[in-house]
S.K.: 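What follows is a single structure, and I will ask about it in a moment.
Only this structure's heavy atoms are used, side chains among them; waters, hydrogens and symmetry mates stay out.
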Amino acid sequence: MTTIQTVAFDDQKPGTSGLRKKTNVFMQPHYLENFVQAIFNAIGGVRGKTLVLGGDGRFYNDRAVQIILRMAAASGAAKVIVGQGGVLSTPAASNLIRQRKTDGGIILSASHNPGGEDEDFGIKFNMANGGPAPESVTEAMFREASVLVSYNITETADIDLGALGETEIGGMAVEVVDCVADYAALMETLFDFDAIRAMFAGGFTMRFDAMCAVTGPYATEILEGRLGAAAGTVTHGTPLPDFGGMHPDPNPTWAHELMDEMMGPNAPDFGAASDGDGDRNMVVGRGIYVSPSDSLAVLAANAHLAKGYAKGLAGVARSMPTSAAVDRVAVDLGIAAYETPTGWKFFGNLLDAGRATLCGEESFGTGSDHVREKDGLWAVLMWLNILAVRKQSVADILAAHWAKYGRNYYSRHDFEGVDKDKADLMMGSLRKSLAGLPGTQIEGLTISAADDFAYTDPVDGSVSSKQGVRILFEDGSRIVMRLSGTGTQGATLRVYLEQYAEAGFDRDPQEALASVIRAAHELAQITHFTGRTEPDVIT
Ligand code: G1P
Ligand code: ZN
């Protein structure tokens, strides 16, 4: 074991989901090591502890895993459970942390950001409950990282992570496990695999775009292997370090190949895609796109059809910018609905306390209390289970849902690569204007309230402020604006737009939301501050 003198880094502040930087930033001497030591220090050391370790397989995953193993050994960890090849999807890692009752885990991923030497890399720590470290812990990591003077590492050759089984490194056990097995077993406890298998046997067709990312082996084993979907159901199923040049973000813009097929003449019955680390999902029916907010609402309304949720839901939770569609289902079911800040870490306490069973975000994240991360394939299997029981098309299920609850027209507009100072100025000016907005009219809409969202965790009482500007209108429409906390360059402005309709469910969301969109531009003076007139990505 050697102790290496390091220089502290002052930019290791975890964002919405761990520390994300350009890959070559992580590859600088001592950079990764510095943050790993900061994690260890922030959680009170790892002596005698057992950790899970794995990543989404992107460029530098293999090197980083070896470094982290040697550092864990040097700091006295008892054992590290690693996915074969150093790979684990984020939900599978969360599951392993819980199943094996470990002290937590390190996940290497920049989620849906592109991968490669010139793209993005990331690292985060999940607690013993399987969920992302809460703000108090990520803040401690940041503090540690910025004052660190040294880190410990064991000098040894690389460990072979290709073969399953147990080895050791400097007295620490290293167990290499199959990446898929435990996760697939968990899915079988939640969903009716026989019913889904019968549906596929009856000719049901599906396309799952794994986007050359981590879900490929999971989807192939579960959908084609265990559920009997036709060979070729899973496309881009081989994970690649640069995701084959794809931007592994499952939305209509980046999963356009899948969208084209689903909107085309020979579309399969059902389409889905997942992201770099397997925690996001996009769901598409033949000829119809399902917005993530609607997907959450449909899953909540139909969850009882899946055996793992047959008892009903304790409650539902959504991030504040997510549409209120699921709230209407909660009212109907007579269960609690929680509204949290953006980021999965805010769901952890609600899930641990048994207050919420299903959670979701508008950013293609859905999950439940089976793990403490959002889970892409889980959402796809939940949909398949519902389709197998209801024996209706996705379009019919959505139409029936809107007929019962009304439709929350919804869209998110992203302005990417905006100058950070300009974006901060814009948000600052918008925040200053909030107090004077209620009662005023814009684009024929009357503003009823305007604030900066603050959240008090109902379980531990912790307060998170400045979580996004909300402008609410008298007719129930809403604008939310915030800056992304996951980017690695400049700023990304996210504008979330919503309008509730009790009739007329077949409109194009952009058209239905036109006046809300214009109001957002006027209120925030987006063009004046950023020079942008049009968003880069619309979901
Ligand atoms: C984005 C999403 C957010 C999600 C996070 C991690 O964060 O908007 O809902 O939890 O990625 O997947 P943002 O870039 O907006 O901070
Ligand atoms: Zn992800």
Side-chain angles (χ1 to χ4, degrees), residues 2-46 55 58-61 63-65 67-68 70-72 74-75 104 106-111 113-115 117-127 132-153 341-343 345 416-428 431 462-468 482-493:
T2 34
T3 299
I4 309 275
Q5 302 305 311
T6 176
V7 278
F9 292 91
D10 60 8
D11 66 343
Q12 297 194 323
K13 188 174 173 57
T16 313
S17 183
L19 182 68
R20 288 195 197 164
K21 299 281 174 193
K22 287 287 163 205
T23 309
N24 51 38
V25 171
F26 273 104
M27 292 171 75
Q28 299 172 69
H30 311 309
Y31 194 88
L32 173 73
E33 292 86 342
N34 201 83
F35 191 68
V36 172
Q37 189 67 53
I39 293 177
F40 292 171
N41 294 356
I43 59 168
V46 292
R58 67 179 62 224
F59 185 88
Y60 198 54
N61 188 117
R63 296 303 319 138
V65 165
I67 290 169
I68 296 166
R70 285 158 48 208
M71 289 186 65
S75 287
I106 293 179
I107 301 176
L108 303 169
S109 170
S111 185
N113 296 8
E117 194 162 2
D118 298 320
E119 298 293 352
D120 292 357
F121 191 78
I123 173 168
K124 68 172 178 172
F125 184 78
N126 281 28
M127 312 294 282
E135 271 183 347
S136 57
V137 179
T138 57
E139 274 157 19
M141 290 171 191
F142 177 49
R143 278 197 305 275
E144 289 289 339
S146 51
V147 297
L148 214 67
V149 290
S150 66
Y151 61 85
N152 300 330
I153 191 158
T342 295
K345 57 178 175 259
E416 297 180 339
V418 175
D419 183 272
K420 174 100 178 62
D421 295 338
K422 291 180 180 167
D424 286 339
L425 270 180
M426 192 205 88
M427 290 302 291
R431 285 195 164 100
S462 60
V463 177
S464 304
S465 52
K466 293 184 94 171
Q467 297 294 321
R482 56 181 285 280
L483 299 181
S484 157
T486 56
T488 57
Q489 240 171 8
T492 294
L493 166 65

S.K.: Might you work through the side chain to side chain contact (heavy atoms under 4.5 Å, CB included) test for Leu483 and Asp424, ending with a clear yes or no?
M.R.: CA-CA 8 Å; Leu483 299 181; Asp424 286 339; 3.4 Å; yes
S.K.: For Gly490 and Lys420, work out which heavy atoms get closest and say how close.
M.R.: O-CD, 4.3 Å
S.K.: For the atom pair OG1 (Thr138) and NZ (Lys345), what is the distance rounded to the nearest 0.5 Å?
M.R.: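 Reported to 0.5 Å precision, the distance equals 5.5 Å.
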S.K.: Do the charged groups of Lys21 and Asp120 touch, with an N to O distance under 4.0 Å?
M.R.: no
S.K.: Please confirm whether the ring centroid of Phe9 lies under 6.0 Å from the ring centroid of His30.
M.R.: no
S.K.: To the closest 0.5 Å, what do you measure between CG (Asn61) and CD1 (Ile123)?
M.R.: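 Answer rounded to 0.5 Å: 10.5 Å.
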S.K.: Just wondering, more than 12 heavy atoms not from Lys22 lying within 6.0 Å of its NZ?
M.R.: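 More than 12 heavy atoms, drawn from other residues, nucleotides or ligands, come within 6.0 Å of this atom.
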S.K.: Can you name the closest pair of heavy atoms from Ser17 and Lys124 and give their distance?
M.R.: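 So the two residues come closest at OG-NZ, 3.6 Å.
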S.K.: With side chains defined as the heavy atoms from C-beta onward, is the minimum distance between Ser484 and Glu416 less than 4.5 Å?
M.R.: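 No. Closest side-chain heavy atoms not under 4.5 Å.
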S.K.: How long is the span from the CD atom in Glu119 to the CG atom in Asn24, to the nearest 0.5 Å?
M.R.: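 If we round to the nearest 0.5 Å, Glu119:CD and Asn24:CG are 10.0 Å apart.
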S.K.: At what distance, to the nearest 0.5 angstrom, does CZ of Phe26 lie from CZ of Arg20?
M.R.: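 CZ of Arg20 is found 10.0 Å from CZ of Phe26.
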S.K.: Which pair of non-hydrogen atoms, one from Gln12 and one from Pro14, has the smallest distance, and what is that distance?
M.R.: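 The pair with the smallest heavy-atom distance is O-CD, 3.3 Å.
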S.K.: Find out whether Gln37 and Ser150 are in side-chain contact, i.e. whether some heavy atom of one side chain is under 4.5 Å from a heavy atom of the other.
M.R.: no
S.K.: Looking at Ser75 and Ala72, would you say the former's side chain and the latter's main chain have a donor-acceptor pair under 3.5 Å?
M.R.: no
S.K.: Under 3.5 Å, is there a donor-acceptor pair between the Glu135 and Ser462 side chains?
M.R.: no
S.K.: Residues in side chain to side chain donor-acceptor pair (under 3.5 Å) with Glu33, at least two apart?
M.R.: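 Counting only residues at least two positions away or on another chain, Glu33 forms no side chain to side chain donor-acceptor pair (under 3.5 Å).
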S.K.: Might you point out which heavy atoms bring Ile68 and Val36 nearest each other, and give the distance in Å?
M.R.: CG1-CG2, 3.8 Å
S.K.: What verdict does the side chain to side chain contact (heavy atoms under 4.5 Å, CB included) test give for Phe40 and Ile106, after you've listed the backbone C-alpha separation in whole Å, the side-chain angles of each residue and the deciding distance to 0.1 Å?
M.R.: CA-CA 10 Å; Phe40 292 171; Ile106 293 179; 4.0 Å; yes
S.K.: What is the distance from atom CD1 of Ile153 to atom CD1 of Ile4, rounded to the nearest 0.5 Å?
M.R.: 6.5 Å
S.K.: Test Met27 against Phe59 for side chain to side chain contact (heavy atoms under 4.5 Å, CB included), laying out the working first.
M.R.: CA-CA 11 Å; Met27 292 171 75; Phe59 185 88; 3.8 Å; yes
S.K.: Asn152: what forms a side chain to side chain donor-acceptor pair (under 3.5 Å) with it, not counting sequence neighbours?
M.R.: Thr3
S.K.: Closest heavy-atom contact between Ala64 and Leu108?
M.R.: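 Taking every non-hydrogen atom into account, CB-CD1, 3.9 Å.
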S.K.: For the residue pair Gly115 and Arg58, what are the closest heavy atoms and their distance?
M.R.: CA-NH1, 3.6 Å
S.K.: Would one find more than 12 heavy atoms of other residues, nucleotides or ligands at under 6.0 Å from atom CD of Gln28?
M.R.: yes
S.K.: Would you say the side chain of Tyr151 lies within less than 4.5 Å of the side chain of Leu32, judging by non-hydrogen atoms?
M.R.: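 Sidechains of Tyr151 and Leu32: no contact.
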S.K.: To the nearest 0.5 angstrom, please state how far the CG atom of Leu19 sits from the CZ atom of Phe121.
M.R.: 10.0 Å
S.K.: So, does Glu139 use its side chain to make a donor-acceptor pair with the main chain of Val137 at under 3.5 Å?
M.R.: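 Flag not set: sc Glu139 to bb Val137 has no pair under 3.5 Å.
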